[in-house]
Structure formats: C-alpha cells, structure tokens
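See structure below.
Bear in mind that the values here come from a model prediction, so they are computed numbers and not experimental data. Excluded from the calculations below are hydrogen atoms, water molecules and symmetry mates; all remaining heavy atoms, backbone and side chain alike, are included.
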Protein chains: 2
Amino acid sequence: MPFTYEYPRAALTVDCVVFGFDGEGLKLLLIERGLEPFKGRWALPGGFVRVDEELEHAARRELHEETGISEVVLEQFQAFGGINRDPRERVVSVAYFALTRLDDHRPQASTDARQAVWFNANELPKLAFDHQAIIQQALTHLRSRVRVEPIGFHLLPPKFTLTQLQGLYESVLGREVDIRNFRKRVLAMELVVALKKEFQRGRQRPAQLYRFDPKRYEQLKKSGFQFEL
Amino acid sequence: MPFTYEYPRAALTVDCVVFGFDGEGLKLLLIERGLEPFKGRWALPGGFVRVDEELEHAARRELHEETGISEVVLEQFQAFGGINRDPRERVVSVAYFALTRLDDHRPQASTDARQAVWFNANELPKLAFDHQAIIQQALTHLRSRVRVEPIGFHLLPPKFTLTQLQGLYESVLGREVDIRNFRKRVLAMELVVALKKEFQRGRQRPAQLYRFDPKRYEQLKKSGFQFEL
DNA sequence: CCAAAAGTGTTTAAAATACACCCATGG
DNA sequence: CCATGGGTGTATTTTAAACACTTTTGG
C-alpha cells in the first residue's frame, strides 16, 4: 500500500510537571485554566506540539509561554493516551517533568492573564483532565530518578547547605533521613564542593555553602561510578 | 479561543521492542519491511494508533498482527518524536517493551508475508528509522526495571531452573553473577517455589524446577517489601 | 568411569544504621 | 545567656563478596 494514511488523527500535546523546592517541601506549579473545558480548574502547563517541532522544544516553549520559566531541566517520563482524557477529542500527551529553582520563579503576573501558582505537592487542588494521574506518575519517576542520578541539585540554588540538600531528599522521598549518615554519604561521593568562606547566615550558627560539581560527576561516571543516595 | 485546532497533525504510532530469552542470551524479535521506506530493512513490530484506540491496545494489536504474539507483558517506556525520524512525514511513536517466553513464539510463517525473526540482542542488523535508538533505550529501561521488579520471570517458561534464571540476569545485565550468592538471594526472597519432584533432565544431574509466585509477591509488596536483585 | 552441569556454607570485608553531644551565631 | 539550627565520630549490625568442592545423571 502507498503511504496514504487518511484516517482521523489524535492531537498531540505536551504537559509539564514543574517541581520546585523552597526548604519547606516539594512544590508544584499549576496554572488556572481560562477556558472550557475545565475552566477555572488548575492544570499542568502544556499545550499542542507543532507538526515540525521537537517534543522537548514544545514542552520548553509552552512552559515559557505559560509561566515565564526558561532554561529548565526537562525529562520525558511517559505518554498519556487514554481515549477520553480530553472530553473534546482524542489527545495524546507526552509528559515531562521539570526541575526548577523555585526562588528564580516566584509567581509573576503571567503574560496571558492566566496565573501560575506554586502548590504543595501533597496538598493539590482538584485538577483538570487526567493531570492528577500524570502528577502521580511524575512523582514516582522523580523519586526513583533522584536516587540514581544527581538531578536533585537542580531544585536547589547554585549555592546550598547540606541541610537544604537533606531537606530536599526528605521531601522527595517522603521520609526522614539521618543527618550524620546523609552527610557522610554525600561528602564521600565528592560531587559537592565546599565554598571557601561562604556561609549562609540565619539567627544561628552559619552554615557552610556547597555547590554541585557537574564536571566531577562526568569524570566519576566515566570511571564506572554510580550515583546513589 | 474556541477549540478549533486546525493545524496539520503528526501521525501517531506504537513500536514494540520484543525481548526473548533462550538460555543462550537475550533475543529481539524484528520484522523485515516489505514496503518503502526502508524496504527490506529490519524493523520493530508496530504501526498506527487508531483514533479511538488505547495506546497499549494498539501495541498489542500490531504485535499480534505482525508476529502472532498475544498475551504478552507490555510496558511503555518512552515516546520518540524526532522531526525526521520518518522520512515521509512527522510521526511520533510511543514505544513499549514486551517480555515473552521465546519458546512459545518460535518463528512461524507470518500471516502477512513479512517474516519475524529472533536476533541476538547484541548482534542486530541495520535497522529502519530510529529503531536502533529505540532499542538502545529499551535495553536501558529493561536493565533498570529488571532489578527492582520481578519482571524477568516473564522471559522464562513457567517452570524454570535457578541456573536459567541466573543466565537470564547475566544476559540482561551484561555481567557475570556469582552462583552461590545469586541463589542465596533469590531463595531468601521466597518469591520462587520449588516444584516437588519436578526436575529438568539433561545429560547431567537433574535440576530442580521452580515457579514464580505472583500472589506471594503481592503479599510481600503490601508489607513494604522491595524486590531487588 | 567420565563429562557436564547442579548444588551447597563459611569467612571476610564493606556498607548501612543507630545514636548524643558540643558549636557558633543573632537577638 | 539562650534559642536555634549546624556540625561531628564511633560502635554495631547487616549485607555483599569471595571462594572450591561434592553430587547426580547420561552416555
């Protein structure tokens, strides 16, 4: 048969599960829908993929258009294709999760009227479409990825304390972590370097600041090292 | 704006990376393309998703149509959407891996002229489209999944010896495994039960046959057990 | 009786865990 | 001077790794 595929086609979208961390807990960025269906409901940033556009590019573009966020770490984790996930017609969505430094993306008045708001990952409002399920999967993926790749650092500011890093892991994994064992492991990996004479001050003892060393990670990876936390 | 999305749309397909194991090594099922583009090249089983069809259903259907295989374990692992992955037009493919008992699916004369053939996973021919890359990703996923979920059993016959199981893990992970430590771990998990008085005979000492116990696995999972090999 | 694969335990090393007190600062 | 979170070491348990010989069968 010649290539004449003239059947109706599903629409193709991308959705982004945007994670952030503020020292308190894991956060998720949602936008309020301005249109039907699900007008007024909260939803994931996302939208249609252009026919000549890479999937990841579409995710980046939609994220930028709807929330102002750019230069973000994106990872595709699953396609969602349930027949009735969109009440209008068949829409298949490729889902990405994004890891952002929350402080760089405090809620701004969004360009196009719709507002973007950070929610606690475990206190989400009622969501549009199957976005609840997408988020659930994203969390599962994040939890397993964060233990075998040093991606958690993308949720922290470039300079961070070990306490912040620990808090991040506790939030993502949903359980407490022993402070001494955690520090032992992190420092033993030598993926993180102490910044000389740089401290974070509060109303208590100043905390040593560290930064993640991506070059060091590349080195280690080449010599068979496997990140694990 | 009303919902009038009248732009050209990408076509949507599914592709299946079908794994098998024959005691020798990991195998992959490919079909020879009968049509352009890539006529005569080997390719993954797969095809178009109907507009009212679940993704997984499409994967199952295509697999059945092209290879005769049914009742198989399928797991979606990634969507591939590179702009020029299909020379004809934009095609986004949702990729699944399938785990089959190879002996149940020995090469038959396929229903529709095209033949399906098992290849050694590390001696693949030149492939159509970006199927090489899809397989690469499938292997990576399989390798990490097989260590944290008891899915490897789907590649073995219902009754198997521990040596077969070990060989499977060695093939998938690509490294040797210590026989005594492996057996110790497997038996300690109690996911596998010895079949009374059932042995596999060869020209040497008969080997105890075991079967995987899925109910036991469900039990254990509920009580917080985490499979790991 | 020989070849071939099945089966079996112990010792050692490494890694994970549990655990409690002193430190430096801001207010 | 006190409240707050930062920072540190050791002993114990658990887990992983290394390692070689005996058994059973078919031919």
Side-chain angles (χ1 to χ4, degrees), chain A residues 21-25 146-148 156-157 159-171 173-211 220 223-229, chain B residues 21-25 146-148 156-157 159-171 173-211 220 223-229:
Chain A
F21 178 72
D22 65 354
E24 299 300 303
V146 86
R147 302 193 57 182
V148 300
L156 294 176
K159 301 174 181 185
F160 53 85
T161 68
L162 293 188
T163 303
Q164 287 176 305
L165 183 63
Q166 180 180 348
L168 165 61
Y169 270 82
E170 291 183 332
S171 296
L173 301 179
R175 58 178 157 82
E176 296 204 339
V177 167
D178 180 274
I179 170 176
R180 280 168 291 190
N181 297 333
F182 181 81
R183 284 165 173 253
K184 221 186 306 178
R185 275 199 296 270
V186 170
L187 295 175
M189 281 192 293
E190 298 186 307
L191 280 178
V192 117
V193 303
L195 296 161
K196 292 198 179 80
K197 298 189 193 155
E198 296 202 53
F199 297 88
Q200 187 171 90
R201 314 181 79 87
R203 60 164 153 278
Q204 66 283 88
R205 176 172 174 176
Q208 174 69 56
L209 286 166
Y210 293 81
R211 65 177 179 81
L220 286 171
S223 47
F225 162 86
Q226 175 63 53
F227 180 87
E228 192 158 355
L229 260 183
Chain B
F21 178 70
D22 65 356
E24 298 300 303
V146 87
R147 304 192 56 182
V148 299
L156 293 176
K159 300 174 181 184
F160 53 85
T161 67
L162 292 189
T163 303
Q164 288 176 305
L165 183 62
Q166 181 181 345
L168 166 61
Y169 270 82
E170 290 182 334
S171 296
L173 302 179
R175 58 177 157 82
E176 296 204 336
V177 167
D178 180 274
I179 171 177
R180 279 168 290 190
N181 296 333
F182 182 80
R183 284 166 173 253
K184 223 184 305 175
R185 273 200 298 269
V186 170
L187 295 174
M189 281 192 295
E190 298 185 307
L191 281 178
V192 116
V193 304
L195 296 162
K196 292 200 178 80
K197 298 189 194 154
E198 296 202 54
F199 297 89
Q200 187 171 90
R201 313 183 79 85
R203 60 164 154 279
Q204 65 284 88
R205 176 173 177 176
Q208 174 69 57
L209 285 166
Y210 293 82
R211 65 174 180 81
L220 285 172
S223 48
F225 163 86
Q226 174 63 53
F227 180 87
E228 192 159 353
L229 263 184

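When the P atom of C:dA18 is taken as reference, atom CD of A:E176 falls 12 Å away, rounded to whole Å. Here the P atom of nucleotide C:dT8 and the CG atom of B:D178 are 14 Å apart, to the nearest Å. Nucleotide C:dA15 holds its P atom 18 Å from the CZ atom of A:F182, rounded to whole Å. Rounded to whole Å, the distance from CD on A:Q164 to C1' on D:dG6 is 13 Å. Rounding to whole angstrom units, CZ of residue B:R147 and P of D:dA16 are separated by 11 Å. Summarising the geometry, the separation between CZ on A:R185 and P on C:dT17 is reported as 6 Å, rounded to the nearest angstrom. Regarding A:F199, its CZ atom lies at a distance of 12 Å from the C1' atom of D:dG7, rounded to whole Å. Rounded to a whole Å, the CD atom of B:Q166 is 11 Å from the P atom of C:dG7.
Closest approach of B:G25 and B:S171 over heavy atoms only: CA-OG, 3.5 Å. Heavy atoms only, all atoms of each residue included: B:R147 and B:R175 are closest at NH1-NH2, 3.8 Å.
Among C:dA5, C:dT8, D:dG6, the nucleotide with an atom closest to any side-chain atom of B:R180 is C:dT8. Listed nucleotides D:dG7, C:dA6, D:dC19 differ in distance to A:R183; the shortest reach to its side chain belongs to D:dG7.
Here B:Q166 contributes atom CD and B:L229 contributes atom CG; the two are 10.5 Å apart, rounded to the nearest 0.5 Å. Once rounded to the nearest 0.5 Å, the distance linking CG of A:L162 with CD1 of A:I179 reads 9.0 Å.
A donor and an acceptor atom sit less than 3.5 Å apart, one in the side chain of A:N181 and one in the base of C:dA18. Applying the 3.5 Å distance criterion, the base of C:dA5 shares no donor-acceptor pair with the side chain of B:R201.
In terms of position on DNA chain C, the residue among B:Q208 and A:R205 whose nearest nucleotide sits closer to the 5' end is B:Q208. Both B:E228 and B:P206 sit near DNA chain D, but only B:E228 has its closest nucleotide nearer the 5' end. Across the interface with DNA chain C, nearest-nucleotide mapping of B:K184 and A:R203 shows B:K184 to be the residue nearer the 5′ end.
For the pair A:L156/A:Y210, no side-chain contact is recorded, criterion being any heavy-atom separation below 4.5 Å from C-beta on.
Of the side-chain N and O atoms in A:T163, none sit less than 4.0 angstrom from OP1 or OP2 of D:dG5.
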